[in-house]
Amino acid sequence: MASVTIDDVRKSYGAVEVLHGVSIPIEEGEFVVLVGPSGCGKSTLLRMLAGLEHITSGRILIGDRVVNDLPPKDRDIAMVFQNYALYPHLTVAENMGFSLKLAGEKRPAIAEKVRPAAEILGLAHLLDRYPRMLSGGQRQRVAMGRAIVRDPQVFLFDEPLSNLDAKLRVSMRTEIKNLHQRLQTTTVYVTHDQIEAMTMADKIVVMHDGIVEQIGAPLDLYDRPANLFVAGFIGSPAMSMIPGTLAEDGAFAAADGTRLPVGDTGTARAGQPLVYGVRPEAMTPGGSIPLTVEVTEPTGSETYVVGRMGGTAITGVFRERITVSPGGTLPIGIDPAAVHLFDAASGQRLTR
Amino acid sequence: MSSTSVRTDDAPRRRPGLLTRMIESRNGLGFLFMLPAGIFLLFFLTYPLGLGVWLGFTDTKIGRSGIFVGLENYRWLFDDPVFWLAVFNTLFYTVFASVAKFALGLWLAMLLNRHLPFKNFFRAIILLPWVVPTVLSAMAFWWIFDSQFSIISWVLMRIGLIDQPINFLGDPWNARWSVIAANIWRGIPFVAISLLAGLQTIPQSLNEAAAIDGATPWQRFTKVTLPLLTPIIAVVMTFSVLFTFTDFQLIYVLTRGGPVNATHLMATLSFQRAIPGGQLGEGAAIAVAMIPFLLAAILFSFFGLQRRKWQQGND
Ligand SMILES: Nc1ncnc2c1ncn2[C@@H]1O[C@H](COP(=O)(O)OP(=O)(O)OP(=O)(O)O)[C@@H](O)[C@H]1O
Ligand SMILES: [Mg+2]
C-alpha cells in the first residue's frame, strides 16, 4: 500500500496537449475513481501512472518515490486492462503466476500464491483452462487475479467492466468493492460511467477535456457540484438546468418569466445571467410551478416526468404515481434548499 | 433390451434416387461441390506428376520414346557423385538460406511493427525484391558478383580491405555463399511481410501487461510475442523452405550450377540432364528424388501447423 501523488502532470502528443496540468492527491488505501466523458484523458493519465506513457511534464509519486523515469516493472503497480490482456497461450494459473515466474520464483511458491487468489475470485476450478475457454466475467476475474497475485502497492483499473453485460457489471462492481475492502490496496479506477463512480469510490475525480473539474467524495459531488459540468455529469437522470436571472425580490426569473424559488443565493447578484440547477428528486407534485408534461415513464416505484419548465427541458422523479397525460400541466413545488445557482458565463456554482 | 426394429415408419417410404440422396446428404453435397476442383487438380497436377514419375522409370531421350527400365535410372544416380553433390548443395542451400531468411525476416518485421517515421514507405520498399522478376534480380546479382566489375570488390578495395577482386562465382565455396546471399535477398520480403501481418494480430496490451508483470524486452519477445507467432511462423517457413528447396531460376542465371557443379541444386541438375543433356528419363528421376524431401518438409509443417491447445477450435 502506498499513497500516490499526481502533481501538475501534463501530456502532449506532438503539438497537441491532451492533459493540461492535472494534480490529484491519493491517500494510502483509498479507492479513487477517475470519471469523465470519452476522450477526456483518463486512460492517458492511468497509463502514465503505470509507466506505459511518457510524462511530458509534472511529477508522479508512488509512496515518496518519484516514478517519472521508472519503467513499469519497477513501479510496483498492477493493472487490469479493458480488454483484460490475458496471455492466450497460457492457462489461467500460468497467467496469474506469470509475474512471479518472471521474478524467478519456484513452481511450488508460485502455486502457493496463485491458489488463494484464485479462491478469493472463485477461479479455483478453472486454473487449467485457457483464456478462450472462459466467459467474459471469468476472464475479467482472471485479470484481477493476475493483479492480486502480485500484491502491488497500487491497483490500476481501466474500464474493467465495460465489456460485461449490465447484470454482471453490477455484481462485479460489488465484487471489486469487496476485494478492495479486504485487501485495502490503493486503487485508481477509470470509468466513464458515473454510477460506477458513485457506487464504488471513496473519492471521485471528475475530468473533462484534460483538466480536473472537481475532486471529492461521491455525495459531496452530488450535493455540491463545483460547476455546471460536474452538476450535469454526476447524477442520473441529470440535474435540470434553467437559464435566467435573479429578480429583485430574491426569486429566480426564468427566461420566459416563470418564477422559481431560491433558498440561499450565495454570491449571485440580481441581474447577473445565471443557471438554475435542480435535481429531479427535489421536485414534488402539488406546488405552484407549472410543468408542461411531455412524457411520463412509470417504473413502478417512481415516475420519471420529462417536460418543460421555464422554457427549458427538465426531468423530474416523483415517488407518487403521476397520471397527467402528455401536453397537460403538472403543478410542482421545488425545495428551495436543494437549489443551485451557477454563473452562466464561468459555469461556477455561486450558492454555498 | 428390445433393440428390434422400431423404425417401421421408414419401411413403406420409397427409396429416393441416388442424386436426390446425394444432394440431401451433407457429405454427398460436399463431394459434388468438390468435384470440379478435383477434376481440375487431377488434370493439371496429377497428370504431369504422374508423367514425370513414369518417365523416371524409362530411358526416354529427347526425340525417342523410351522403354520401361525399372529402377535403372535410380541405380545409376545412386552411384553418381554429381547427384549426391547436388543433394548436398540443395540441403546446404535450403538450410542456410531458410534460417537466415527467418532470422532477418523476423527482425525486419519487428522493426516495421514499431512506430517509425515513413512506416508505410518502408513497408512498400521492403516488397521490392519480391516484385522484381527473379531473372532480373538474378542478373543484377550477376553484376554484383562479377569477377571484374563487382561493386562489392570495388568498395572493399577502395577501403583497402582487399587488394584484388573477389572471385565470387568462380570459387566453389564463394559461389555457394553468393547464391545463398542472393536467395536470402529475394526471399526476405515474403517472410518479413507475412510475419509482420502476424505481429499485427498481437494486441499491444499483451506487451504492456507483460511489461507491467516485470518482463524485460527480451522476455516479452520470447515469452509473449514468439509463442503467439508460432502458428504463422510454421506456415511461412513451410512455404519458404519449399520455395528454396525447389529454386531454379536464380541458380540458372547466376552460375548454371557451376563452378564444377558446386552450386547445382537438384532442380537445376534435373533440368540440365533432361533438356540440354537430352536424358529425359534421368532428369525425371532426379526430380522424383526431390519428392521424399518435400514430403518430409510438408509432414514436419503438418505437425508444426497443428492447432495448439490454446488456439481457437476443438481441444
Ligand atoms: N497515441 C496518441 N496520439 C495522439 N493522441 C492521442 C493518443 N492517445 C490518446 N490521444 C488523445 O488523447 C485524448 C485522451 O485520450 P484517452 O484515451 O486518455 O481518453 P479517455 O478519457 O480514456 O477516453 P475513453 O473513455 O474513450 O477511453 C484523446 O483526445 C485522444 O484522442
Ligand atoms: Mg480510455
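We name chains A, B, ... by the order of the sequence lines, and we start the count at 1 in each one.
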Peer 1: Quick one: what part of A:Ala143 sits under 4.5 Å from any heavy atom of chain B, side chain, backbone, both or neither?
Peer 2: neither
Peer 1: What closest approach, in Å, do A:Pro88 and B:Leu228 show between heavy atoms, and which atom pair accounts for it?
Peer 2: CG-CD2, 3.4 Å
Peer 1: Less than 4.5 Å to any heavy atom of chain B: does that hold for the side chain of A:Leu100, its backbone, both, or neither?
Peer 2: neither
Peer 1: What part of A:Leu52 lies closer than 4.5 angstrom to a heavy atom of chain B: side chain, backbone, both or neither?
Peer 2: side chain
Peer 1: Within a radius of less than 6.0 Å around CZ of B:Phe92, do more than 12 heavy atoms belonging to other residues, nucleotides or ligands occur?
Peer 2: yes
Peer 1: If you look at every heavy atom in B:Lys223 and A:His89, which pair is closest and at what distance?
Peer 2: O-NE2, 2.8 Å
Peer 1: Is it the side chain or the backbone of A:Tyr87 that comes within 4.5 Å of chain B heavy atoms, both, or neither?
Peer 2: both
Peer 1: Is atom CD1 of B:Ile151 surrounded by more than 12 heavy atoms (other residues, nucleotides or ligands) closer than 6.0 Å?
Peer 2: no
Peer 1: If you tally heavy-atom pairs under 4.5 Å against chain A, which of B:Ala215, B:Ala210, B:Pro227 wins?
Peer 2: B:Ala210
Peer 1: Ignoring hydrogens, what is the shortest heavy-atom contact between A:Lys73 and B:Ala211? Give both atom names and the distance.
Peer 2: CB-O, 3.5 Å
Peer 1: Heavy-atom count around A:Asp64 CG within 6.0 Å, excluding the residue itself: above 12?
Peer 2: no
Peer 1: Please state whether the side chain, the backbone, both or neither of A:Arg129 comes within less than 4.5 Å of a heavy atom of chain B.
Peer 2: neither
Peer 1: Would you say CD of A:Glu112 has more than 12 non-hydrogen atoms from neighbouring residues, nucleotides or ligands within 6.0 angstrom?
Peer 2: no
Peer 1: In terms of heavy-atom contacts, does CZ of A:Arg115 have more than 12 from other residues, nucleotides or ligands at under 6.0 Å?
Peer 2: no
Peer 1: Taking all atoms of both residues into account, what is the closest heavy-atom pair of B:Ile212 and A:Met79, and its distance?
Peer 2: CD1-CB, 3.6 Å
Peer 1: Is it the backbone or the side chain of B:Gln219 that comes under 4.5 Å from a heavy atom of chain A, or both, or neither?
Peer 2: side chain
Peer 1: Distance from B:Leu206 atom CG to A:Asn83 atom CG, nearest 0.5 Å?
Peer 2: 7.5 Å
Peer 1: Is atom NZ of A:Lys101 surrounded by more than 12 heavy atoms (other residues, nucleotides or ligands) closer than 6.0 Å?
Peer 2: no
Peer 1: Would you indicate whether B:Phe31, at its atom CZ, is surrounded by more than 12 heavy atoms from other residues, nucleotides or ligands within a distance under 6.0 Å?
Peer 2: no
Peer 1: Give the member of A:Pro71, A:Ala147, A:Ser99, A:Pro72 that has the highest number of heavy-atom pairs under 4.5 Å with chain B.
Peer 2: A:Ser99
Peer 1: Can you tell which of A:Val80, A:Leu90, A:Leu86, A:Asp76 has the highest number of heavy-atom pairs within less than 4.5 Å of chain B?
Peer 2: A:Leu86
